[in-house]
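Some notes on the structure that comes next.
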Amino acid sequence: MLQLNYIRENLDEVKNKLAKKHVKNIADIDEMLKLDDEKKKLKLTVENNQAEANLIAKKIGELMKSGQKEEAETMKLRSNELKDAAKEQEALLKKLEDDIYNILVTFPNLPNEIVPEGKTPEENLNVHEWGEIPSLYEGAVPHWDLIKKYDLIDFELGVKITGAGFPVYKNKGARLQRAMINFFLDEAIKAGYTEIMPPLLVNSDSGFGTGQLPDKEGQMYHATVDDLYLIPTAEVPITNIYRDVILKEEDLPIKNVGYTPCFRREAGAWGAHVRGLNRLHQFDKVEIVQIAHPDQSYQILEEMVKHVQGLLEKLELPYRILRLCGGDMSFSSALTYDFETYSAAQQRWLEVSSTSNFESFQANRMKCRFKPKDGKNQLVHTLNGSALALPRILATMLENNQTPEGIRIPKALQAYTGFDMIS
RNA sequence: GGAGAGAUGGGUGAGAGGCUGAAACCAACGGUUUGCUAAACCGUCAUACGCUGUUAAGGUGUAUCGCGGGUUCGAAUCCCGCUCUCUCCGCCA
(Lines give C-alpha, C1' and ligand atoms only; values in the text may rest on other atoms or scores of the structure.)
Protein backbone atom coordinates (compact mmCIF):
# COMPACT_ATOMS: atom_id res chain seq x y z
CA MET A 1 0.00 0.00 0.00
CA LEU A 2 1.30 3.42 -0.95
CA GLN A 3 1.42 6.24 1.54
CA LEU A 4 -1.10 8.95 0.90
CA ASN A 5 1.15 11.75 2.04
CA TYR A 6 3.86 10.59 -0.32
CA ILE A 7 1.41 10.63 -3.21
CA ARG A 8 0.31 14.12 -2.27
CA GLU A 9 3.82 15.47 -2.06
CA ASN A 10 5.13 13.77 -5.20
CA LEU A 11 2.07 13.81 -7.37
CA ASP A 12 3.70 13.98 -10.81
CA GLU A 13 6.34 11.43 -9.98
CA VAL A 14 3.71 9.02 -8.64
CA LYS A 15 1.53 9.40 -11.71
CA ASN A 16 4.43 8.83 -14.06
CA LYS A 17 5.56 5.77 -12.20
CA LEU A 18 2.08 4.30 -12.08
CA ALA A 19 1.86 4.85 -15.82
CA LYS A 20 4.97 2.74 -16.18
CA LYS A 21 3.09 -0.07 -14.48
CA HIS A 22 0.21 0.49 -16.89
CA VAL A 23 -2.24 1.37 -14.18
CA LYS A 24 -5.58 2.27 -15.69
CA ASN A 25 -7.18 4.32 -12.95
CA ILE A 26 -4.51 6.95 -12.47
CA ALA A 27 -7.16 9.65 -12.61
CA ASP A 28 -8.59 8.28 -9.37
CA ILE A 29 -5.65 9.83 -7.58
CA ASP A 30 -7.09 13.29 -8.02
CA GLU A 31 -10.44 12.10 -6.80
CA MET A 32 -8.77 10.51 -3.81
CA LEU A 33 -6.87 13.65 -2.90
CA LYS A 34 -10.05 15.65 -3.18
CA LEU A 35 -11.78 13.28 -0.80
CA ASP A 36 -8.80 13.53 1.49
CA ASP A 37 -9.08 17.31 1.58
CA GLU A 38 -12.71 16.97 2.54
CA LYS A 39 -11.81 14.42 5.13
CA LYS A 40 -9.21 16.64 6.72
CA LYS A 41 -11.63 19.51 7.00
CA LEU A 42 -14.34 17.38 8.47
CA LYS A 43 -11.96 15.70 10.83
CA LEU A 44 -10.83 19.01 12.17
CA THR A 45 -14.43 19.95 12.95
CA VAL A 46 -15.10 16.63 14.60
CA GLU A 47 -11.96 16.87 16.67
CA ASN A 48 -12.69 20.41 17.75
CA ASN A 49 -16.16 19.38 18.87
CA GLN A 50 -14.67 16.48 20.68
CA ALA A 51 -12.17 18.77 22.38
CA GLU A 52 -14.98 20.95 23.60
CA ALA A 53 -16.97 17.97 24.80
CA ASN A 54 -13.97 16.67 26.67
CA LEU A 55 -13.47 20.02 28.31
CA ILE A 56 -17.12 20.20 29.33
CA ALA A 57 -17.04 16.73 30.75
CA LYS A 58 -14.08 17.68 32.86
CA LYS A 59 -15.78 20.82 34.12
CA ILE A 60 -18.96 18.96 34.96
CA GLY A 61 -16.91 16.63 37.06
CA GLU A 62 -15.48 19.55 38.98
CA LEU A 63 -18.86 21.24 39.38
CA MET A 64 -20.43 18.04 40.69
CA LYS A 65 -17.68 17.69 43.20
CA SER A 66 -18.12 21.19 44.49
CA GLY A 67 -21.87 20.65 44.61
CA GLN A 68 -22.84 23.12 41.89
CA LYS A 69 -25.53 20.90 40.45
CA GLU A 70 -27.43 23.49 38.44
CA GLU A 71 -24.41 24.72 36.52
CA ALA A 72 -23.56 21.13 35.78
CA GLU A 73 -27.01 20.47 34.35
CA THR A 74 -26.69 23.44 31.98
CA MET A 75 -23.41 22.18 30.71
CA LYS A 76 -24.86 18.76 30.13
CA LEU A 77 -27.27 20.31 27.65
CA ARG A 78 -24.42 21.73 25.59
CA SER A 79 -22.67 18.43 25.74
CA ASN A 80 -25.75 16.66 24.41
CA GLU A 81 -25.92 19.14 21.57
CA LEU A 82 -22.38 18.36 20.60
CA LYS A 83 -23.07 14.68 20.77
CA ASP A 84 -26.01 14.91 18.41
CA ALA A 85 -23.96 16.86 15.89
CA ALA A 86 -21.08 14.42 16.16
CA LYS A 87 -23.07 11.35 15.16
CA GLU A 88 -23.75 12.45 11.64
CA GLN A 89 -20.33 13.94 11.12
CA GLU A 90 -18.60 10.84 12.32
CA ALA A 91 -20.59 8.64 10.00
CA LEU A 92 -19.66 10.87 7.10
CA LEU A 93 -16.04 10.91 8.17
CA LYS A 94 -15.98 7.15 8.31
CA LYS A 95 -17.43 6.91 4.84
CA LEU A 96 -14.85 9.33 3.49
CA GLU A 97 -12.06 7.37 5.10
CA ASP A 98 -13.37 4.12 3.65
CA ASP A 99 -13.69 5.62 0.19
CA ILE A 100 -10.15 6.98 0.31
CA TYR A 101 -8.79 3.68 1.52
CA ASN A 102 -10.63 1.73 -1.14
CA ILE A 103 -9.06 3.86 -3.84
CA LEU A 104 -5.63 3.83 -2.23
CA VAL A 105 -5.40 0.03 -2.12
CA THR A 106 -6.06 -0.26 -5.83
CA PHE A 107 -2.69 1.32 -6.64
CA PRO A 108 0.28 -0.99 -7.04
CA ASN A 109 3.74 -0.21 -5.77
CA LEU A 110 5.78 2.34 -7.71
CA PRO A 111 8.44 0.84 -9.97
CA ASN A 112 12.07 1.75 -9.48
CA GLU A 113 13.70 4.07 -12.04
CA ILE A 114 15.64 1.24 -13.66
CA VAL A 115 12.53 -0.84 -14.36
CA PRO A 116 12.26 -1.13 -18.15
CA GLU A 117 9.28 0.29 -19.98
CA GLY A 118 7.02 -2.37 -21.32
CA LYS A 119 3.81 -4.24 -20.98
CA THR A 120 4.44 -7.88 -21.79
CA PRO A 121 6.97 -10.53 -20.76
CA GLU A 122 8.70 -10.04 -24.13
CA GLU A 123 9.74 -6.61 -22.98
CA ASN A 124 11.58 -7.79 -19.90
CA LEU A 125 15.23 -6.88 -19.97
CA ASN A 126 17.74 -9.70 -20.16
CA VAL A 127 20.49 -8.50 -17.83
CA HIS A 128 22.64 -11.59 -17.44
CA GLU A 129 23.10 -15.01 -18.97
CA TRP A 130 25.21 -17.86 -17.72
CA GLY A 131 26.05 -21.34 -18.87
CA GLU A 132 25.83 -23.17 -22.11
CA ILE A 133 22.63 -24.48 -23.49
CA PRO A 134 23.30 -28.20 -23.80
CA SER A 135 22.65 -30.07 -26.99
CA LEU A 136 20.95 -33.29 -26.09
CA TYR A 137 21.55 -36.67 -27.63
CA GLU A 138 19.19 -38.14 -30.17
CA GLY A 139 16.27 -39.59 -28.29
CA ALA A 140 16.31 -37.16 -25.39
CA VAL A 141 12.83 -36.55 -23.97
CA PRO A 142 11.00 -34.01 -21.78
CA HIS A 143 10.93 -34.53 -18.04
CA TRP A 144 7.38 -35.89 -18.02
CA ASP A 145 8.69 -38.89 -19.89
CA LEU A 146 11.85 -39.14 -17.80
CA ILE A 147 9.97 -39.27 -14.52
CA LYS A 148 7.98 -42.19 -15.80
CA LYS A 149 10.96 -43.97 -17.23
CA TYR A 150 12.86 -43.78 -13.94
CA ASP A 151 9.78 -43.90 -11.68
CA LEU A 152 10.54 -40.59 -9.97
CA ILE A 153 7.14 -38.93 -9.85
CA ASP A 154 3.64 -40.32 -10.24
CA PHE A 155 1.08 -37.75 -11.33
CA GLU A 156 -1.76 -40.26 -11.76
CA LEU A 157 -1.33 -41.40 -8.20
CA GLY A 158 -1.57 -37.79 -7.09
CA VAL A 159 -4.79 -37.44 -9.01
CA LYS A 160 -6.15 -40.47 -7.21
CA ILE A 161 -5.20 -39.26 -3.75
CA THR A 162 -5.91 -35.57 -4.19
CA GLY A 163 -6.33 -34.24 -7.72
CA ALA A 164 -4.42 -32.84 -10.66
CA GLY A 165 -1.32 -30.85 -9.79
CA PHE A 166 -0.45 -32.80 -6.67
CA PRO A 167 2.45 -35.04 -7.65
CA VAL A 168 3.59 -38.04 -5.69
CA TYR A 169 7.40 -38.16 -5.55
CA LYS A 170 8.89 -41.62 -5.32
CA ASN A 171 12.20 -43.36 -4.90
CA LYS A 172 15.09 -41.25 -6.13
CA GLY A 173 12.58 -38.56 -7.08
CA ALA A 174 11.64 -38.13 -3.43
CA ARG A 175 15.24 -38.28 -2.25
CA LEU A 176 16.23 -35.68 -4.81
CA GLN A 177 13.57 -33.33 -3.43
CA ARG A 178 14.88 -33.77 0.08
CA ALA A 179 18.44 -33.27 -1.14
CA MET A 180 17.64 -30.05 -2.93
CA ILE A 181 15.76 -28.66 0.05
CA ASN A 182 18.68 -29.35 2.34
CA PHE A 183 21.17 -27.99 -0.16
CA PHE A 184 19.24 -24.75 -0.59
CA LEU A 185 18.76 -24.31 3.14
CA ASP A 186 22.42 -24.98 3.90
CA GLU A 187 23.56 -22.50 1.28
CA ALA A 188 21.29 -19.84 2.74
CA ILE A 189 22.48 -20.54 6.27
CA LYS A 190 26.06 -20.20 5.02
CA ALA A 191 25.07 -16.81 3.61
CA GLY A 192 23.90 -15.68 7.04
CA TYR A 193 20.21 -16.47 6.95
CA THR A 194 18.35 -17.83 9.96
CA GLU A 195 16.28 -20.91 9.25
CA ILE A 196 12.58 -20.62 10.07
CA MET A 197 10.03 -23.39 9.97
CA PRO A 198 6.74 -21.55 9.90
CA PRO A 199 3.13 -22.73 10.02
CA LEU A 200 1.69 -23.72 6.66
CA LEU A 201 -1.70 -22.20 7.42
CA VAL A 202 -2.12 -18.52 8.13
CA ASN A 203 -4.94 -16.29 9.30
CA SER A 204 -6.45 -13.54 7.20
CA ASP A 205 -4.44 -10.78 8.89
CA SER A 206 -1.28 -12.40 7.59
CA GLY A 207 -2.78 -12.85 4.15
CA PHE A 208 -3.52 -9.17 4.14
CA GLY A 209 -0.11 -8.18 5.44
CA THR A 210 1.79 -9.52 2.47
CA GLY A 211 -0.89 -8.56 -0.01
CA GLN A 212 -2.50 -11.89 -0.93
CA LEU A 213 -5.76 -10.65 0.52
CA PRO A 214 -8.10 -9.27 -0.47
CA ASP A 215 -7.19 -9.24 -4.18
CA LYS A 216 -5.78 -12.70 -4.68
CA GLU A 217 -8.09 -14.60 -2.40
CA GLY A 218 -8.98 -16.98 -5.21
CA GLN A 219 -5.38 -18.08 -5.53
CA MET A 220 -5.20 -19.51 -2.05
CA TYR A 221 -6.75 -22.62 -0.59
CA HIS A 222 -9.09 -21.58 2.17
CA ALA A 223 -9.86 -23.83 5.10
CA THR A 224 -13.23 -22.25 5.76
CA VAL A 225 -14.23 -24.05 8.94
CA ASP A 226 -11.36 -22.37 10.75
CA ASP A 227 -10.95 -19.46 8.34
CA LEU A 228 -7.29 -20.23 7.64
CA TYR A 229 -5.40 -20.13 4.37
CA LEU A 230 -2.80 -22.56 3.06
CA ILE A 231 0.28 -20.54 2.31
CA PRO A 232 1.06 -19.87 -1.37
CA THR A 233 4.67 -19.14 -0.37
CA ALA A 234 6.77 -19.04 2.80
CA GLU A 235 6.98 -15.31 2.27
CA VAL A 236 3.59 -14.99 3.92
CA PRO A 237 4.30 -16.45 7.36
CA ILE A 238 7.96 -15.42 7.43
CA THR A 239 7.33 -11.79 6.55
CA ASN A 240 4.34 -11.57 8.86
CA ILE A 241 6.55 -12.39 11.82
CA TYR A 242 7.23 -8.66 11.74
CA ARG A 243 3.66 -7.48 11.38
CA ASP A 244 2.87 -4.73 13.91
CA VAL A 245 6.44 -4.68 15.11
CA ILE A 246 8.75 -1.76 15.75
CA LEU A 247 12.30 -2.95 15.24
CA LYS A 248 15.51 -1.41 16.45
CA GLU A 249 17.68 0.10 13.78
CA GLU A 250 20.59 -2.14 14.72
CA ASP A 251 18.42 -5.26 14.22
CA LEU A 252 18.44 -4.59 10.47
CA PRO A 253 18.85 -6.29 8.17
CA ILE A 254 16.99 -9.38 9.32
CA LYS A 255 17.72 -12.39 7.11
CA ASN A 256 15.41 -15.37 7.28
CA VAL A 257 15.10 -18.47 5.17
CA GLY A 258 12.44 -21.11 5.20
CA TYR A 259 11.50 -24.25 3.37
CA THR A 260 7.81 -24.90 2.97
CA PRO A 261 5.47 -26.61 0.60
CA CYS A 262 3.48 -23.98 -1.29
CA PHE A 263 -0.15 -24.29 -2.22
CA ARG A 264 -1.66 -22.49 -5.15
CA ARG A 265 -5.08 -22.92 -6.64
CA GLU A 266 -3.89 -21.32 -9.89
CA ALA A 267 -7.53 -20.81 -10.69
CA GLY A 268 -8.03 -20.42 -14.39
CA ALA A 269 -4.34 -20.59 -15.11
CA TRP A 270 -4.22 -24.08 -16.57
CA GLY A 271 -3.50 -24.33 -20.24
CA ALA A 272 -1.52 -26.18 -22.83
CA HIS A 273 1.98 -25.36 -21.53
CA VAL A 274 1.61 -26.68 -18.11
CA ARG A 275 2.45 -30.31 -18.48
CA GLY A 276 4.47 -32.15 -15.94
CA LEU A 277 6.22 -30.05 -13.34
CA ASN A 278 5.69 -26.73 -15.04
CA ARG A 279 2.70 -25.77 -12.94
CA LEU A 280 1.46 -27.43 -9.78
CA HIS A 281 -1.02 -26.90 -6.98
CA GLN A 282 1.50 -28.05 -4.41
CA PHE A 283 5.23 -27.60 -4.74
CA ASP A 284 8.30 -27.13 -2.59
CA LYS A 285 10.24 -23.94 -2.28
CA VAL A 286 12.99 -22.45 -0.19
CA GLU A 287 12.40 -18.76 0.28
CA ILE A 288 14.78 -16.06 1.48
CA VAL A 289 13.27 -13.02 3.16
CA GLN A 290 14.97 -9.86 4.35
CA ILE A 291 13.72 -6.97 6.42
CA ALA A 292 15.98 -4.08 5.55
CA HIS A 293 16.85 -0.50 6.27
CA PRO A 294 15.51 1.65 3.41
CA ASP A 295 19.00 2.92 2.66
CA GLN A 296 20.30 -0.60 2.15
CA SER A 297 17.48 -2.41 0.41
CA TYR A 298 18.80 -2.16 -3.14
CA GLN A 299 22.24 -3.27 -2.14
CA ILE A 300 20.55 -6.18 -0.41
CA LEU A 301 18.53 -6.99 -3.50
CA GLU A 302 21.81 -7.32 -5.41
CA GLU A 303 23.14 -9.58 -2.68
CA MET A 304 20.06 -11.78 -2.94
CA VAL A 305 20.38 -11.95 -6.71
CA LYS A 306 24.00 -13.04 -6.30
CA HIS A 307 22.89 -15.71 -3.88
CA VAL A 308 20.40 -17.17 -6.33
CA GLN A 309 22.99 -17.03 -9.10
CA GLY A 310 25.35 -18.99 -6.89
CA LEU A 311 22.78 -21.74 -6.42
CA LEU A 312 22.07 -22.11 -10.11
CA GLU A 313 25.76 -22.15 -10.95
CA LYS A 314 26.45 -24.83 -8.36
CA LEU A 315 23.65 -26.84 -9.93
CA GLU A 316 25.28 -26.26 -13.33
CA LEU A 317 22.06 -25.04 -14.87
CA PRO A 318 22.17 -22.49 -17.69
CA TYR A 319 20.12 -19.49 -16.66
CA ARG A 320 19.28 -15.94 -17.48
CA ILE A 321 18.19 -13.04 -15.32
CA LEU A 322 15.40 -10.77 -16.43
CA ARG A 323 14.67 -7.40 -15.02
CA LEU A 324 10.90 -7.33 -15.28
CA CYS A 325 9.28 -4.50 -17.17
CA GLY A 326 6.60 -2.31 -15.62
CA GLY A 327 3.73 -4.29 -17.07
CA ASP A 328 5.00 -7.71 -16.01
CA MET A 329 5.87 -6.90 -12.43
CA SER A 330 3.76 -7.98 -9.50
CA PHE A 331 1.44 -5.59 -7.75
CA SER A 332 3.61 -5.07 -4.67
CA SER A 333 7.04 -5.00 -6.21
CA ALA A 334 9.29 -2.02 -6.90
CA LEU A 335 11.94 -4.04 -8.70
CA THR A 336 11.92 -7.70 -9.63
CA TYR A 337 14.48 -10.02 -11.12
CA ASP A 338 13.19 -13.26 -12.53
CA PHE A 339 15.52 -16.20 -12.99
CA GLU A 340 14.87 -18.66 -15.76
CA THR A 341 16.68 -21.87 -16.50
CA TYR A 342 16.81 -23.30 -19.97
CA SER A 343 15.04 -26.55 -20.39
CA ALA A 344 16.78 -28.26 -23.26
CA ALA A 345 14.14 -30.85 -23.99
CA GLN A 346 11.22 -28.45 -23.91
CA GLN A 347 13.40 -25.85 -25.59
CA ARG A 348 12.09 -23.05 -23.47
CA TRP A 349 13.03 -20.91 -20.50
CA LEU A 350 11.36 -21.79 -17.21
CA GLU A 351 10.97 -19.36 -14.34
CA VAL A 352 12.60 -20.73 -11.23
CA SER A 353 12.99 -17.71 -9.02
CA SER A 354 11.57 -14.28 -8.56
CA THR A 355 13.52 -11.91 -6.36
CA SER A 356 12.02 -8.57 -5.45
CA ASN A 357 12.33 -5.45 -3.43
CA PHE A 358 8.95 -4.33 -2.14
CA GLU A 359 10.37 -1.22 -0.51
CA SER A 360 7.83 -0.04 2.05
CA PHE A 361 4.76 -1.33 0.22
CA GLN A 362 4.29 -4.44 2.34
CA ALA A 363 5.71 -2.76 5.43
CA ASN A 364 3.04 -0.11 5.22
CA ARG A 365 0.36 -2.76 5.23
CA MET A 366 2.03 -4.69 7.98
CA LYS A 367 2.94 -1.63 10.01
CA CYS A 368 6.48 -2.87 10.33
CA ARG A 369 8.74 -0.01 11.33
CA PHE A 370 12.07 0.67 12.90
CA LYS A 371 13.22 3.27 15.34
CA PRO A 372 16.06 5.31 13.89
CA LYS A 373 18.76 6.70 16.19
CA ASP A 374 17.02 10.01 15.98
CA GLY A 375 13.80 11.07 14.37
CA LYS A 376 10.47 9.44 13.74
CA ASN A 377 9.79 5.78 13.25
CA GLN A 378 10.15 4.70 9.64
CA LEU A 379 8.77 1.88 7.57
CA VAL A 380 11.24 -0.87 6.79
CA HIS A 381 11.79 -2.31 3.35
CA THR A 382 10.95 -5.93 2.70
CA LEU A 383 12.54 -8.22 0.13
CA ASN A 384 12.18 -11.81 -0.80
CA GLY A 385 13.29 -14.31 -3.33
CA SER A 386 12.87 -17.93 -4.21
CA ALA A 387 16.09 -19.73 -3.52
CA LEU A 388 14.78 -21.84 -5.08
CA ALA A 389 11.48 -23.29 -6.23
CA LEU A 390 12.03 -26.98 -6.82
CA PRO A 391 9.79 -28.32 -9.59
CA ARG A 392 11.21 -26.49 -12.57
CA ILE A 393 14.73 -26.87 -11.25
CA LEU A 394 14.06 -30.57 -11.18
CA ALA A 395 12.54 -30.47 -14.66
CA THR A 396 15.54 -28.69 -16.17
CA MET A 397 18.03 -30.81 -14.29
CA LEU A 398 16.46 -34.04 -15.45
CA GLU A 399 16.18 -32.90 -19.04
CA ASN A 400 19.55 -31.22 -19.41
CA ASN A 401 21.51 -33.93 -17.64
CA GLN A 402 19.97 -36.90 -19.38
CA THR A 403 22.29 -39.31 -21.15
CA PRO A 404 21.64 -42.67 -22.72
CA GLU A 405 23.00 -44.22 -19.50
CA GLY A 406 20.79 -42.21 -17.14
CA ILE A 407 20.52 -38.83 -15.50
CA ARG A 408 23.61 -37.24 -14.02
CA ILE A 409 23.30 -35.51 -10.62
CA PRO A 410 25.29 -32.26 -10.28
CA LYS A 411 28.32 -32.54 -8.01
CA ALA A 412 27.05 -30.05 -5.47
CA LEU A 413 24.01 -32.21 -4.84
CA GLN A 414 25.70 -35.58 -4.66
CA ALA A 415 26.63 -35.20 -1.02
CA TYR A 416 22.95 -34.64 -0.31
CA THR A 417 21.46 -37.34 -2.55
CA GLY A 418 23.91 -40.07 -1.81
CA PHE A 419 23.85 -41.07 -5.50
CA ASP A 420 25.38 -39.52 -8.60
CA MET A 421 23.20 -41.08 -11.27
CA ILE A 422 19.56 -41.90 -11.81
CA SER A 423 19.45 -44.99 -13.97
C1' G B 1 -15.47 -31.71 22.45
C1' G B 2 -16.54 -30.22 28.15
C1' A B 3 -15.40 -26.68 32.29
C1' G B 4 -13.04 -22.40 34.06
C1' A B 5 -9.82 -17.96 33.81
C1' G B 6 -8.14 -13.99 31.16
C1' A B 7 -6.77 -10.05 27.14
C1' U B 8 -3.73 -2.97 29.85
C1' G B 9 2.60 0.30 26.97
C1' G B 10 9.00 -3.59 24.63
C1' G B 11 8.03 -7.25 29.11
C1' U B 12 5.75 -8.33 34.14
C1' G B 13 1.60 -6.08 36.18
C1' A B 14 -1.62 -2.28 39.18
C1' G B 15 -6.01 0.26 38.10
C1' A B 16 -12.72 -1.36 39.32
C1' G B 17 -16.81 5.61 36.41
C1' G B 18 -13.81 12.06 36.38
C1' C B 19 -7.46 13.21 39.95
C1' U B 20 -5.39 7.72 34.26
C1' G B 21 -2.13 7.89 28.15
C1' A B 22 -2.29 4.95 32.30
C1' A B 23 1.22 3.27 39.13
C1' A B 24 5.26 0.14 40.22
C1' C B 25 9.03 -3.03 38.61
C1' C B 26 12.11 -5.01 34.60
C1' A B 27 14.36 -4.04 29.94
C1' A B 28 16.20 -0.02 26.80
C1' C B 29 18.40 4.85 26.19
C1' G B 30 21.03 9.48 28.15
C1' G B 31 23.81 11.27 32.32
C1' U B 32 26.48 11.45 37.32
C1' U B 33 29.98 8.51 39.86
C1' U B 34 34.18 5.27 38.16
C1' G B 35 41.22 2.93 36.45
C1' C B 36 37.73 -0.85 33.76
C1' U B 37 33.35 -3.67 34.60
C1' A B 38 29.56 -3.85 38.04
C1' A B 39 26.62 -1.40 41.56
C1' A B 40 24.21 3.04 43.12
C1' C B 41 21.79 7.55 41.90
C1' C B 42 19.27 11.17 38.42
C1' G B 43 16.65 11.71 33.93
C1' U B 44 14.19 9.96 29.30
C1' C B 45 11.20 6.16 27.54
C1' A B 46 3.72 4.07 23.33
C1' U B 47 1.56 4.77 18.47
C1' A B 48 -1.20 7.08 14.57
C1' C B 49 -3.42 11.18 12.44
C1' G B 50 -4.29 16.57 12.53
C1' C B 51 -3.47 21.90 13.69
C1' U B 52 0.46 25.56 14.57
C1' G B 53 5.51 26.48 13.43
C1' U B 54 10.41 27.74 7.88
C1' U B 55 9.48 20.88 5.35
C1' A B 56 13.38 22.82 12.40
C1' A B 57 13.03 22.91 17.65
C1' G B 58 8.81 23.31 20.21
C1' G B 59 3.61 23.89 21.28
C1' U B 60 -1.24 21.92 20.81
C1' G B 61 -5.78 18.72 19.51
C1' U B 62 -8.01 13.93 18.64
C1' A B 63 -7.97 8.70 18.83
C1' U B 64 -6.04 4.15 20.83
C1' C B 65 -6.06 -0.35 27.57
C1' G B 66 -8.07 -7.45 22.22
C1' C B 67 -12.24 -5.97 18.32
C1' G B 68 -17.27 -3.90 17.53
C1' G B 69 -21.49 -1.66 19.65
C1' G B 70 -24.28 0.45 23.99
C1' U B 71 -25.15 3.26 28.82
C1' U B 72 -23.23 8.18 30.71
C1' C B 73 -22.01 15.12 30.68
C1' G B 74 -17.65 11.68 31.25
C1' A B 75 -15.61 4.54 30.26
C1' A B 76 -9.33 0.87 30.61
C1' U B 77 -13.23 0.67 34.53
C1' C B 78 -20.48 -0.68 33.75
C1' C B 79 -23.69 -3.56 29.86
C1' C B 80 -24.13 -6.57 25.13
C1' G B 81 -21.86 -9.20 21.00
C1' C B 82 -17.44 -11.12 18.72
C1' U B 83 -12.35 -12.78 18.44
C1' C B 84 -8.23 -14.69 20.56
C1' U B 85 -5.13 -16.76 24.54
C1' C B 86 -4.24 -19.69 28.86
C1' U B 87 -5.44 -23.72 32.54
C1' C B 88 -7.85 -28.40 33.68
C1' C B 89 -10.50 -32.76 31.66
C1' G B 90 -11.28 -35.77 27.14
C1' C B 91 -9.15 -37.36 22.42
C1' C B 92 -4.56 -37.76 19.83
C1' A B 93 1.13 -37.86 16.70
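Letters A, B, ... are given to chains in the order of the sequence lines, protein chains preceding strands, and every chain is numbered from 1.
Nucleotides B:U8 and B:C84, compared at atom C1', are 16 Å apart to the nearest Å. B:A56 and B:G18 have their C1' atoms separated by 38 Å, with the value rounded to a whole Å. For the P atoms, the distance linking B:U83 with B:A93 amounts to 30 Å, nearest Å. Atom P of B:G4 sits at a distance of 16 Å from the matching atom of B:C82, rounded to the whole Å. B:G10 sits 25 Å from B:U62 when the C1' atoms are compared, rounded to a whole Å. Here the separation of B:A22 from B:A76, taken at their P atoms, is 12 Å to the nearest Å. Going from the P atom of B:G15 to that of B:U20 covers 15 Å, rounded to whole Å. Nucleotides B:C36 and B:U32 have their P atoms positioned 12 Å apart, rounded to a whole Å.
Checking A:K285 against A:T260 by side-chain atom types alone, no donor-acceptor pair falls below 3.5 Å. No hydrogens or angles considered: nothing links the side chains of A:Q296 and A:E303 as a donor-acceptor pair under 3.5 Å. A donor-acceptor pair shorter than 3.5 Å cannot be found between the side chains of A:T45 and A:N48. A donor-acceptor contact under 3.5 angstrom links the side chains of A:E123 and A:T120, judged on distance only. Side chain to side chain, A:H128 and A:Q309 meet the donor-acceptor criterion of an N or O pair below 3.5 Å.
Here A:N377 reaches the OP1 or OP2 of B:U47: one of its side-chain N or O atoms lies under 4.0 Å away. Contact between the side-chain N/O atoms of A:K59 and the OP1/OP2 oxygens of B:G18 is not found at any separation under 4.0 Å.
Checked against salt bridge (Lys or Arg N to Asp or Glu O under 4.0 Å), A:E81 has the following partners two or more places apart in sequence or in another chain: A:R78. Qualifying side-chain hydrogen bond (donor to acceptor under 3.5 Å, both in side chains) partners for A:E316, counting only residues two or more places apart in sequence or in other chains: A:R408. Applying the salt bridge (Lys or Arg N to Asp or Glu O under 4.0 Å) criterion to A:K314, with sequence neighbours excluded, gives A:E187.
Comparing A:I246 and A:K87 against RNA chain B, the residue whose closest nucleotide sits nearer the 5' end is A:I246.
When distances run from any side-chain atom of A:E47 to the nucleotides B:C49, B:G18, B:A48, the shortest one goes to B:C49.
As judged by a 4.0 angstrom heavy-atom cut-off over every strand, A:R369 is placed among residues touching the sugar-phosphate backbone only. Residue A:N80 is in sugar-phosphate contact alone, with no base atom involved, counting any heavy-atom pair closer than 4.0 Å across all strands shown. Among the heavy atoms of the strands, none lies under 4.0 Å from A:L77. Backbone-only engagement by A:N5 is indicated by non-hydrogen atom pairs under 4.0 Å involving sugar-phosphate atoms exclusively.
We find that CG of A:L82 is positioned 14 Å from C1' of B:U62, with the value rounded to whole Å. Taking atom CG on A:D244 and atom P on B:G66, their separation rounds to 15 Å, with Å as the unit. Counting to the nearest Å, the P atom of B:C29 and the NZ atom of A:K248 are 7 Å from each other. The CG-C1' distance, from A:N48 to B:U62, rounds to 9 Å in whole Å. One can place CG of A:L247 at 15 Å from C1' of B:A28, the figure rounded to the nearest angstrom. Atom P of nucleotide B:A48 and atom CG of A:N364 are separated by 12 Å, given to the nearest angstrom. In this structure, the CD atom of A:E90 is 11 Å from the C1' atom of B:U62, given to the nearest Å. In this structure, A:K371 atom NZ and B:A28 atom P are separated by 16 Å, rounded to whole Å.
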### Pair assignment for RNA chain B - dot-bracket with | for other-strand partners, Watson-Crick or G-U under 3.5 Å
((((((((.[[[..)..(.....]]].(((((.......))))).(((((((.....))))))).[[[[[..)....]]]]])))))))....

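In this structure, the ring of A:H293 has its center less than 6.0 angstrom from the ring center of A:F370. Here A:Y229 and A:F263 keep their ring centres 6.0 angstrom or further from each other.
In this structure, A:R264 forms no cation-pi arrangement with A:F283, as its terminal cationic atom is not both closer than 6.0 Å to the ring centre and no more than 45° off the ring axis.
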### Message
Would A:Q89 and A:L93 count as a side chain to side chain contact (heavy atoms under 4.5 Å, CB included) here? Give the steps.
### Response
CA-CA 6 Å; A:Q89 289 175 337; A:L93 185 62; over 6 Å; no

### Message
Test side chain to side chain donor-acceptor pair (under 3.5 Å) on A:N182 and A:Y259; report intermediate values, then the result.
### Response
CA-CA 9 Å; A:N182 283 331; A:Y259 152 70; over 6 Å; no

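Within residues 28-40 of chain A, the residues having any heavy atom closer than 4.0 Å to RNA chain B are, in order of number, A:K40. Across residues 50-58 of chain A, A:Q50, A:A51, A:N54, A:A57 each have a non-hydrogen atom less than 4.0 Å from an atom of RNA chain B (numbered order).
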